[in-house]
Amino acid sequence: MKVIIAGGGIGGLSLALFLHKAGVPCKVFEKVPKIQHLGVGITLLPHAVKALDEIGLVEALDRLGVQTDRMIFRTRAGQDVWNAPRGLAAGYDVPQITAHRADIHDVLLDAVSERLPAGTLTLDAAFESVEDTGDGVRATFRREDGSPLVEDGDVLIGADGIHSAVRRWMNPDEGAPRWSGLMLWRGSVDWPSVMDGHTIINSGGIDRKFIFYPIGPGRTEGTQLMNWACVVRQAEPGAPAPGREDWNREAKAEVLHPILEHFTVPETDIRAMVDATDVFWDFPMCDRDPLTSWTRGRVTLMGDAAHPMYPFGANGSAQAILDARALGRLCGDAGGRTPEQVLAAYEQERLGPVNEVVAGNRSGGPERVIDEVEKRIADLPGERFDDLESVLPLAERDAIVNGYSRMAGFANEQVR
Ligand SMILES: Cc1cc2nc3c(=O)[nH]c(=O)nc-3n(C[C@H](O)[C@H](O)[C@H](O)COP(=O)(O)OP(=O)(O)OC[C@H]3O[C@@H](n4cnc5c(N)ncnc54)[C@H](O)[C@@H]3O)c2cc1C
């Protein structure tokens with residue numbers, strides 16, 4: 001089987017590596033003419049790290065990123081509602097890693113260029129159309145100068161992100177992604193380590209949230225590259241988005257100042273952290289209504305093209321990597337199935353569980369534990385509680401946070 005992949009992001013490149021491991025040839029076509037260092041931090045949850053370990057990438061990622069040892073969920077007023085170990089510190093046999101998206105992308109790119117034949121990745125090739133030739137597919141890509149590139153293969157996988165052209169080709173009437181009504185600002189800055197330098201601090205419920213965590217070493221002694229993100233509700237879910245969801249739209253610190261006043265974060269000065277960030281970006285947080293099928297014959301979708309999701313729960317990259325692993329395994333061990341049957345088996349394995357994650361993230365993911373507490377203490381002075389247990393008992397908090405881990409497939413017993 002020969003696989004054509006549209007999109008050389010985290011999902012598409014992971015797929016190329018899993019296919020290579022399974023002995024299946026592939027070609028990757030990526031729209032951008034030049035790879036740029038874009039984005040900010042991404043979390044690789046233990047199930048994704050376990051998968052990346054199968055293709056020998058964890059050592060490199062671990063060198064560039066930071067292992068997460070602790071996760072704190074707390075109210076805007078600064079009171080912890082969940083404070084628990086993560087990754088190796090929580091007894092997993094693989095770490096949880098946070099890293100700059102560009103570093104993760106580089107590790108994948110290096111592995112593809114070292115392991116796969118020269119010419120596997122073609123840049124400046126935007127997917128345009130695909131036709132079934134009876135015994136395969138013929139995909140057409142377009143260069144920026146307008147010239148076409150045509151590739152024949154057995155199957156085409158759309159790994160071309162939230163604005164997927166492959167998905168549009170399959171579902172021409174679907175329209176734009178659906179805005180949650182939430183605006184997300186994200187940046188990263190060299191900043192003094194906070195706590196043990198391995199902790200994610202996540203303050204506030206879904207409508208007003210500030211999160212920060214380290215994603216790599218800093219430039220000077222005692223600092224780390226600190227990733228931060230701020231979320232604020234601006235409209236109801238489904239309202240028209242204020243501009244296209246573009247990962248690289250620059251924003252201004254002044255917009256955030258009045259919002260940051262609402263957070264108490266004793267460990268560090270988050271306003272100074274934002275002010276010290278040279279350039280940062282806003283992004284209308286979007287997803288799409290889950291599809292009931294990703295596959296048409298010899299064409300299927302994966303990653304954000306198949307199931308874009310809100311970043312609550314930090315599962316976007318992980319689920320793309322798990323798709324890649326499933327496709328790699330099924331294409332490599334077709335067991336007498338036709339290419340159409342291989343893609344149907346992939347969809348059968350992945351669509352149901354991932355659509356559950358998309359739905360779980362719409363209601364806040366594991367961070368919903370903060371919303372539940374904030375809802376119940378809204379009338380208390382300073383929105384502060386005296387006894388967390390009487391506000392939301394541990395069993396209920398555990399059901400939200402660990403229930404999410406089990407649903408998304410990264411509870412400790414699922415990753416072993
Ligand atoms: C530039 C960029 C910055 C990002 N920054 C962040 C971030 O800071 N934090 C975060 O949580 N997530 C970020 N993401 C999203 C994150 O990478 C994904 O949610 C997740 O990793 C799933 O990966 P994916 O491969 O499905 O999608 P992506 O990683 O989005 O990759 C999709 C790839 O397809 C390419 N592509 C698009 N259209 C076409 C086409 N017509 N033909 C061929 N190729 C096409 C894109 O250029 C991209 O390389 C970013 C994505 C991009 C593209």
Side-chain angles (χ1 to χ4, degrees), residues 4-17 27-45 48 52 98-105 108-109 112 121-130 139-144 149 151 156-169 177 184-188 211 213 215 225 227-229 231 244-249 279-283 285-288 294 300-324 327 350 354 357-358 361 365:
I4 306 173
I5 305 170
I10 291 187
L13 295 179
S14 300
L15 175 58
L17 291 162
K27 286 272 180 77
V28 184
F29 293 86
E30 163 57 48
K31 178 178 175 177
V32 300
K34 185 171 181 288
I35 302 287
Q36 289 179 300
H37 272 239
L38 298 173
V40 285
I42 282 195
T43 297
L44 294 171
L45 291 168
L52 293 170
T98 54
H100 197 291
R101 181 184 183 276
D103 286 337
I104 299 173
H105 201 221
L108 293 165
L109 280 168
V112 166
L121 172 64
T122 303
L123 299 178
D124 191 10
F127 170 81
E128 191 170 271
S129 63
V130 56
T140 303
F141 299 86
R142 187 76 52 188
R143 292 196 187 88
E144 275 193 350
L149 266 164
E151 187 74 21
L156 169 78
I157 315 293
D160 51 343
I162 188 166
H163 296 290
S164 170
V166 180
R167 181 169 173 143
R168 202 163 48 247
W169 175 83
L184 168 69
W185 289 266
R186 314 131 42 240
S188 57
I211 311 158
Y213 53 86
I215 55 171
L225 182 60
N227 185 72
W228 59 261
V231 176
R244 184 179 148 97
E245 311 71 26
D246 179 348
W247 288 109
N248 310 302
R249 208 167 70 179
V279 184
F280 60 94
W281 301 274
D282 64 19
F283 184 82
M285 195 189 284
C286 286
D287 66 2
R288 288 181 183 275
W294 298 335
T300 197
L301 303 170
M302 65 169 291
D304 281 3
H307 44 70
M309 59 182 72
Y310 299 170
F312 304 126
N315 250 287
S317 54
Q319 296 299 330
I321 291 162
L322 297 185
D323 290 346
L327 270 170
R350 294 290 301 150
V354 188
V357 181
V358 174
N361 289 6

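Numbering of ligands and ligand atoms starts at 1, following listing order.
When the heavy-atom distances from atom 30 (O) of ligand 1 to Gly161, Ala305, Ser164 are ranked, the shortest goes to Gly161.
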As a quick check of understanding, evaluate side chain to side chain contact (heavy atoms under 4.5 Å, CB included) for Val354 and Trp294, giving each step before the final call. CA-CA 12 Å; Val354 188; Trp294 298 335; 4.2 Å; yes

Test His307 against Val357 for side chain to side chain contact (heavy atoms under 4.5 Å, CB included), laying out the working first. CA-CA 9 Å; His307 44 70; Val357 181; over 6 Å; no

Chi angles and distances behind the side chain to side chain contact (heavy atoms under 4.5 Å, CB included) call for Leu15, Val28: CA-CA 9 Å; Leu15 175 58; Val28 184; over 6 Å; no

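When each atom of ligand 1 is checked for a heavy atom of Gly11 under 4.0 Å away, the hits are 23 (O), 24 (P), 25 (O). Within ligand 1, counting atoms from 1 as listed, the ones closer than 4.0 Å to a heavy atom of Gly303 are 26 (O). Applying the 4.0 Å criterion to heavy atoms of Ala165 picks out, from ligand 1, the atoms 41 (N). Every atom of ligand 1 is numbered from 1 in the order shown, and the set under 4.0 Å from a heavy atom of Gly41 is 9 (N).
Considering backbone and side-chain atoms alike, Ile42 places every N or O at 3.5 Å or more from each N or O of ligand 1. Polar contact check, Gly316 against ligand 1: no nitrogen or oxygen pair lies under 3.5 Å apart. Considering backbone and side-chain N/O atoms, Ala320 never comes within less than 3.5 Å of an N/O atom of ligand 1.
Remark: distances from the non-hydrogen atoms of Pro308 to ligand 1 are all 4.0 Å or more. Contact analysis puts Ala126 in contact with ligand 1, with a non-hydrogen atom separation below 4.0 angstrom. Contact between Ala125 and ligand 1 is present, with at least one heavy atom of the residue lying under 4.0 Å from the ligand.
When side chains are defined from C-beta on, Asn361 does not count as touching Val358, because their heavy atoms never get closer than 4.5 Å. Leu123 places none of its side-chain heavy atoms less than 4.5 Å from the side chain of Lys34. Taking the side chain as every heavy atom from C-beta outward, Ser317 and Ile104 never approach each other to under 4.5 Å.
With sequence neighbours excluded, the residues that form a salt bridge (charged side-chain N to carboxylate O under 4.0 Å, His left out) with Glu128 are Arg142.
In Phe29, the part holding a heavy atom less than 4.0 Å from any atom of ligand 1 is the backbone. Contacts between Arg186 and ligand 1 below 4.0 angstrom, taking non-hydrogen atoms only, involve the side chain exclusively. When non-hydrogen atoms are compared, ligand 1 lies under 4.0 Å from the backbone of Ser317 as well as from its side chain. Only backbone heavy atoms of Ala159 (N, CA, C or O) come within less than 4.0 Å of ligand 1; its side chain stays farther off. Looking at Lys31 against ligand 1, both its backbone and its side chain come within 4.0 Å, counting heavy atoms.
Ring planes of Trp169 and Phe127: perpendicular class, angle over 60° (limits at 30 and 60°).
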Less than 3.5 Å apart, which donor and acceptor atoms pair up between the side chains of residues 36-44 and the rest of the protein, not counting sequence neighbours?
| residue | atom | partner | partner atom | Å |
| --- | --- | --- | --- | --- |
| His37 | NE2 | Asp106 | OD2 | 3.1 |

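For the atom pair Leu121 CG and Leu109 CG, the distance stands at 6.5 Å (nearest 0.5 Å).
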